[in-house]
Protein chains: 2
Amino acid sequence: MEDLSLSTLIWLRMVRFVQNSNQLSNDHLRQFGLTVAQFEALAHIRNFQPVTQTDLAKGLTVSGGGMSRMLARLEREGLITREQTWKTKHISLTEAGLALLERAFPSQLHQQSALFDDVLDEDEQRTLHALMKKLYDHSVAERATAEEDG
Amino acid sequence: MEDLSLSTLIWLRMVRFVQNSNQLSNDHLRQFGLTVAQFEALAHIRNFQPVTQTDLAKGLTVSGGGMSRMLARLEREGLITREQTWKTKHISLTEAGLALLERAFPSQLHQQSALFDDVLDEDEQRTLHALMKKLYDHSVAERATAEEDG
DNA sequence: ATTGATCATTTGCCCTGTCAACTGATGCGC
DNA sequence: GCGCATCAGTTGACAGGGCAAATGATCAAT
């Protein structure tokens, strides 16, 4: 192993942590027949419905193509509806989708939070939140720049 | 939008940041014909070769099945070799694989580090590193527990 | 009204990754 | 030596997700 920079070490830890955390969430959500991605999509739809696919894709940081496929699956399962008005499709939760989300939501948030609350006190969480905001905002700006140049 | 807990907000920022960062890395590595996953696999192989697939999968936090497929692709591209001794396959970089990694490595690490160095000073990075270590270690422990119970 | 430009969405092809079932090889107890 | 557990790896079915080319629908200018 060679000497990696501090930022690289942070990066590795963060990526692995996110992977582990996603895995744990997937294990947890399996009882509801959901994946993390589906859970997040349903939660986002609930907060913003009715919403277009494009806005949803932006909000979830995925491409339009990926969004299209995931929504097709959710629609097939009867959890959402896509109603076409004009050139846009507006997405909403169905009764079944809302019911499922409301069953899964509390325990999922709890299991998610526990990963932080178990090891970080409130001060540490505030510090981490501030640092992540800087990093996140910067990454958004970089992506926007890359897009302009591309 | 409802009121989400602090830990949930951190989680969202972190996931989105990692997504953006991966995307930027993929854009950057495209000039070398590599994906982030392949780059990380090659770097890991270089540091530990010769190494078994199982150890590699553990080191990269992916399943055995996923590892098998990725290595098949890397082998097809002529970047690695898999030599079977006894029941185990030992993986090493080929000349071509090493050459490619050495071309891609510096700029990739630089672009990766810049995401942190541009917005966090050294103190902040040390703080973040310590917080991530706590989170990462905890997530590893949770995964181990889940496996035992599973 | 017709032609284009434009925007939303879909779709083909690919890579990443999981899980579970399956193949092979090893090694152990009898 | 034979059968069996065990471990390494592979593979089929699938979800997630990216990119680029193709569709569809709207709107603007002629």
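Because only heavy atoms are used, hydrogens play no part in the values below, and waters and symmetry mates are left out as well, while side chains stay in. Letters go in sequence order (proteins before strands), and every chain restarts at 1.
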Open item on the list: Just to be sure I understand the rule, does Met70(A) reach a base, reach only the sugar-phosphate, or reach nothing, if contact means heavy atoms closer than 4.0 Å?
Closed with: sugar-phosphate
Task: Whether over 12 other heavy atoms sit under 6.0 Å from Glu95(A) CD - done: no
TODO: Scan Ser63(B) against the nucleic acid and name what it touches under 4.0 Å (heavy atoms): base, sugar-phosphate only, or nothing.
DONE: base
TODO: Apply side-chain hydrogen bond (donor to acceptor under 3.5 Å, both in side chains) to Glu83(B) and Ser92(B), showing your working.
DONE: CA-CA 8 Å; Glu83(B) 288 187 45; Ser92(B) 312; 5.8 Å; no
Task: Nucleotide dT10(D), atom C1' - distance to CD1 of Ile91(B) in whole Å - done: 13 Å
TODO: Return no unless some side-chain N or O of Gln23(B) is found under 4.0 Å from OP1 or OP2 of dG17(D).
DONE: no
Open item on the list: Return whichever of Asp27(A) or Met67(A) has its heavy-atom-nearest nucleotide of DNA chain C closer to the 5' end.
Closed with: Met67(A)
- [ ] Specify the separation, in whole Å, of atom CD of Glu83(B) and atom P of dG9(D).
- [x] 14 Å
Open item on the list: Checking Thr52(A) against Thr54(A) for the side-chain hydrogen bond (donor to acceptor under 3.5 Å, both in side chains) test, could you report, in this order, the C-alpha distance in whole Å, the side-chain angles of both residues, the deciding distance, and whether it holds?
Closed with: CA-CA 5 Å; Thr52(A) 66; Thr54(A) 302; 4.8 Å; no
- [ ] In plain terms, say whether Glu77(B) and Arg73(B) are close enough for a salt bridge, that is, a side-chain N and a carboxylate O under 4.0 Å apart.
- [x] no
Open item on the list: Can you measure Asn22(A) atom CG to dG17(C) atom P for me and round it to whole angstrom units?
Closed with: 12 Å
Task: Spacing between Leu42(A) atom CG and dG16(D) atom C1', to the nearest angstrom - done: 15 Å
Open item on the list: Quick check on dT16(C): is either OP1 or OP2 less than 4.0 Å from any side-chain nitrogen or oxygen of Arg73(B)?
Closed with: yes
Open item on the list: Regarding Thr35(B), tell me which of base, sugar-phosphate or nothing describes its non-hydrogen contacts under 4.0 Å with the strands shown.
Closed with: sugar-phosphate
Open item on the list: Measure CZ/Phe32(B) against C1'/dC15(C) and give the value in whole Å, please.
Closed with: 19 Å
Task: Along DNA chain C (nearest heavy atom to each residue), the more 5'-positioned of Arg30(A) and Ser68(A) - done: Ser68(A)
Open item on the list: Given dG17(D), dT16(C), dT10(D), identify the nucleotide with an atom nearest to the side chain of Ala37(A).
Closed with: dG17(D)
TODO: Could you state the atom-to-atom distance from CG of Leu71(B) to C1' of dG9(D) in whole Å?
DONE: 10 Å
- [ ] Mind calculating the distance between NZ (Lys58(A)) and C1' (dT9(C)) to the nearest angstrom?
- [x] 13 Å
Open item on the list: OP1 or OP2 of dG16(D) versus the side-chain N and O atoms of Gln38(A): is any pair under 4.0 Å?
Closed with: yes
Task: Phe116(B) ring center within less than 6.0 Å of Phe17(B) ring center - done: yes
- [ ] Go through the N and O atoms of the side chain of Arg69(A) and the base of dG18(D), and report whether any donor-acceptor pair is under 3.5 Å.
- [x] yes
TODO: Figure out the CG/C1' separation between Leu56(B) and dT16(C), and round it to whole Å.
DONE: 15 Å
- [ ] Give Thr54(A) one of three labels, base, sugar-phosphate or nothing, depending on what nucleic acid heavy atoms sit under 4.0 Å from its own.
- [x] sugar-phosphate
Open item on the list: Quick check on dG18(D): is either OP1 or OP2 less than 4.0 Å from any side-chain nitrogen or oxygen of Gln19(B)?
Closed with: no
